[in-house]
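Source: prediction; values computed, not measured.
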Amino acid sequence: MTPNLFIALEGIDGCGKSTQAKLLAAKLQEAGYRVHVTFEPTDSPIGKIIREIFNLRMEADHRTIAALFAADRLHHLLNKEDGILKMLEQGYTVISDRYYFSSYAYHGTHMPMDWVIETNAHSARLLRPDVNIYIDMPPEKSMERLNSGRESIELYETLDNLRNVRQKYLEAFENQKGKEIIFVTDGNRPVEQIAEDVWEEVTLLLNNRIKQAV
Ligand code: ADP
Ligand code: TYD
């Protein structure tokens, strides 16, 4: 039986997560794995409320936003149609562009991180990633990319905020070490070099799984 993994991609806005998600999925598929690529906020009705807030069409307190993300995440895990748990059960390797470390980092800038970790405890109990891949980027570089690639900038996409979020990611990794597998790669390099690092880590995990199974 081929093993399957749950991989979360993390990093500040514009660090290259969705680019790397696509490349990793293509490599896995080429190697014969079935792959499901997904993302948070999702495009479920809960995710749509979040996007309304992000596009400044609706106002909400940071606590409400954090709780909406936690609900969106549970739905992402548990929905019967293409929920992460169901896809894993069916043998897919699931790559998620963001998971709960995004909440720890983005909401941890506005409220105590322990509150955010507690709010996401159900998700952590249901499923921890086999690896959290963190694409580390200087916030200044991310802002350059976001400014050149998009017409509108979302709620959290300011330089000051991205600096805070990067700091909170590092704090969250420290806070959760021993509980989580975290792989850090330097995102300020050509796309292919990052993809090679990611591929090396993922093949290592897959080979370990294969060894454990025999
Ligand atoms: P994210 O999903 O983390 O927001 P994206 O993958 O959408 O980031 O990348 C943001 C922008 O930066 C896109 O225009 C993408 O083509 C570009 N990009 C991604 N990775 C790199 C890289 N390593 N070097 C230069 N540009 C990149
Ligand atoms: P992003 O991955 O950038 O989506 P898109 O490419 O469609 O803009 O995520 C949107 C924003 O959501 C981003 O600024 C990070 C934020 N976010 C949180 O604040 N908390 C969370 O739990 C998650 C998953 C994302």
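Side-chain contact between Val131 and Leu5: absent, with no pair of heavy atoms (C-beta onward) separated by less than 4.5 Å. Looking only at side-chain heavy atoms (C-beta outward), Leu77 and Leu127 come within less than 4.5 Å of each other. No side-chain heavy atom of Glu10 sits less than 4.5 Å from a side-chain heavy atom of Asp97. For the pair Tyr104 and Tyr99, the minimum side-chain heavy-atom distance is 4.5 Å or more. Looking at Glu59 and Ile53, their side chains never come closer than 4.5 Å, going by heavy atoms from C-beta outward. In this structure, Ile182 and Val184 have side chains that are in contact, with non-hydrogen atoms separated by less than 4.5 Å. When side chains are defined from C-beta on, Ser123 counts as touching Leu74, because their heavy atoms get closer than 4.5 Å. The closest side-chain heavy-atom distance from Ile181 to Pro129 is not below 4.5 Å.
Applying the side chain to side chain donor-acceptor pair (under 3.5 Å) criterion to Thr38, with sequence neighbours excluded, gives His76. Considering only residues two or more places apart in sequence or on other chains, Asp72 meets the side chain to side chain donor-acceptor pair (under 3.5 Å) condition with Thr42, Ser44. Remark: Ala25 engages Val35, Val37, Ile95 in a side chain to side chain contact (heavy atoms under 4.5 Å, CB included) (not counting sequence neighbours). Residues meeting the salt bridge (Lys or Arg N to Asp or Glu O under 4.0 Å) test with Asp61, sequence neighbours left out: Arg63. Partners of Glu171 under the side chain to side chain donor-acceptor pair (under 3.5 Å) rule, at least two apart in sequence or in another chain, are Lys168. Residues that satisfy the side chain to side chain contact (heavy atoms under 4.5 Å, CB included) test with Arg34, not counting sequence neighbours, are Tyr92. For Lys177, the side chain to side chain donor-acceptor pair (under 3.5 Å) partners are Glu174, not counting sequence neighbours.
Sorted by first and then second residue, the pairs that involve residues 204-214 and meet salt bridge (charged side-chain N to carboxylate O under 4.0 Å, His left out), not counting sequence neighbours, are Asp130-Arg209. For residues 16-48, the set of pairs meeting the ring pair (Phe, Tyr, Trp, His ring centres under 6.0 Å) definition, not counting sequence neighbours, is empty. Each ring pair (Phe, Tyr, Trp, His ring centres under 6.0 Å) pair with one or both residues in residues 190-214, not counting sequence neighbours, would appear here, but there are none. Contacts classified as salt bridge (charged side-chain N to carboxylate O under 4.0 Å, His left out) and involving residues 198-207 (residues at least two apart or in different chains) are not found.
Linking ILVMFWY residues whenever their side-chain heavy atoms come closer than 4.5 Å, directly or via other members, leaves Leu204 and Ile133 in distinct clusters. Under a hydrophobic clustering in which Ile, Leu, Val, Met, Phe, Trp and Tyr are joined whenever their side-chain heavy atoms come within less than 4.5 Å, directly or via other members, Val165 and Phe54 fall into the same cluster. Linking Ile, Leu, Val, Met, Phe, Trp and Tyr whenever their side-chain heavy atoms come within less than 4.5 Å puts Leu170 and Val116 in one cluster. Grouping the Ile, Leu, Val, Met, Phe, Trp and Tyr side chains by contacts below 4.5 angstrom, directly or via other members, places Val94 apart from Phe183. Residue Leu206 is grouped with residue Leu24 when hydrophobic side chains (ILVMFWY) are merged at heavy-atom distances under 4.5 angstrom, including chains of intermediate members.
When atom types are taken as modelled, the side chain of Thr185 and the backbone of Ile135 share no donor-acceptor pair closer than 3.5 angstrom. Judged by distance alone, the side chain of Arg128 and the main-chain N or O of Arg125 form no donor-acceptor pair under 3.5 Å. The backbone N or O of Arg57 sits nowhere less than 3.5 Å from a side-chain atom of Asn55 that would complete a donor-acceptor pair. Between the side chain of Glu180 and the main chain of Phe173, no donor-acceptor pair closer than 3.5 Å is present. Put simply, the side chain of Ser142 gets close to the backbone of Asp13: a donor and an acceptor are under 3.5 Å apart. Arg73 places no side-chain N or O within donor-acceptor distance of the main-chain N or O of His122, the cut-off being under 3.5 Å. The backbone N or O of Glu144 lies less than 3.5 Å from a partner atom in the side chain of Ser148, making a donor-acceptor pair.
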**OP:** Show the numbers, then the answer: is there a side chain to side chain contact (heavy atoms under 4.5 Å, CB included) between Lys179 and Gln176?
**Re:** CA-CA 5 Å; Lys179 290 190 187 143; Gln176 294 292 292; 3.8 Å; yes

**OP:** Give the C-alpha distance, both sets of side-chain angles, the deciding distance and a yes or no for side chain to side chain contact (heavy atoms under 4.5 Å, CB included) between Gln90 and Asp82.
**Re:** CA-CA 10 Å; Gln90 291 181 351; Asp82 60 355; over 6 Å; no

Original post:
Passes side chain to side chain contact (heavy atoms under 4.5 Å, CB included), Asp186 versus Asp197? Steps please.
Top reply: CA-CA 9 Å; Asp186 177 2; Asp197 266 16; over 6 Å; no

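Among the candidates Phe101, Tyr100, Tyr134, the single residue satisfying the ring pair (Phe, Tyr, Trp, His ring centres under 6.0 Å) test with Tyr169 is Tyr134.
Within a 6.0 Å radius of CD in Glu140, other residues, nucleotides and ligands contribute more than 12 heavy atoms. More than 12 heavy atoms of other residues, nucleotides or ligands shown are found within 6.0 angstrom of CD on Glu52. Other residues, nucleotides and ligands contribute only 12 or fewer heavy atoms inside 6.0 Å of the NZ atom of Lys141.
The two residues Gly11 and Lys17 have their closest heavy-atom pair at O-CE, 3.5 Å. Residues Ala60 and Ile65 share a closest heavy-atom pair of O-CD1, 3.9 Å. When all heavy atoms of Arg98 and Ile12 are compared, the pair lying nearest together is NH2-C, 3.9 Å. Shown here for Ile194 and Arg189, the closest heavy-atom pair between the two residues is CD1-O, 3.4 Å. Ser96 and Glu40 make their closest contact through OG-CG, 4.4 Å (heavy atoms, listed as atom of the first residue, atom of the second, distance).
To the nearest 0.5 Å, atoms CG (Asn188) and SG (Cys15) are separated by 11.0 Å. Atom CG in Leu88 sits 7.5 Å away from atom OG1 in Thr93 (nearest 0.5 Å). The structure places NE2 of His75 at 8.0 Å from CD of Glu81, a figure rounded to the nearest 0.5 Å. With values rounded to the nearest 0.5 angstrom, Met143 atom CE is found 6.5 Å from Thr158 atom OG1. Note that the CG atom of Asn4 and the OG1 atom of Thr2 stand 7.0 Å from one another [nearest 0.5 Å]. Atom-to-atom distance recorded for His107:NE2 and Met113:CE is 11.5 Å, nearest 0.5 angstrom.
Salt bridge absent: Asp43 and Arg51 never bring a charged side-chain N and a carboxylate O closer than 4.0 Å.
Under the 4.5 angstrom side-chain criterion for Ile, Leu, Val, Met, Phe, Trp and Tyr, the cluster partners of Leu23 are Val191.
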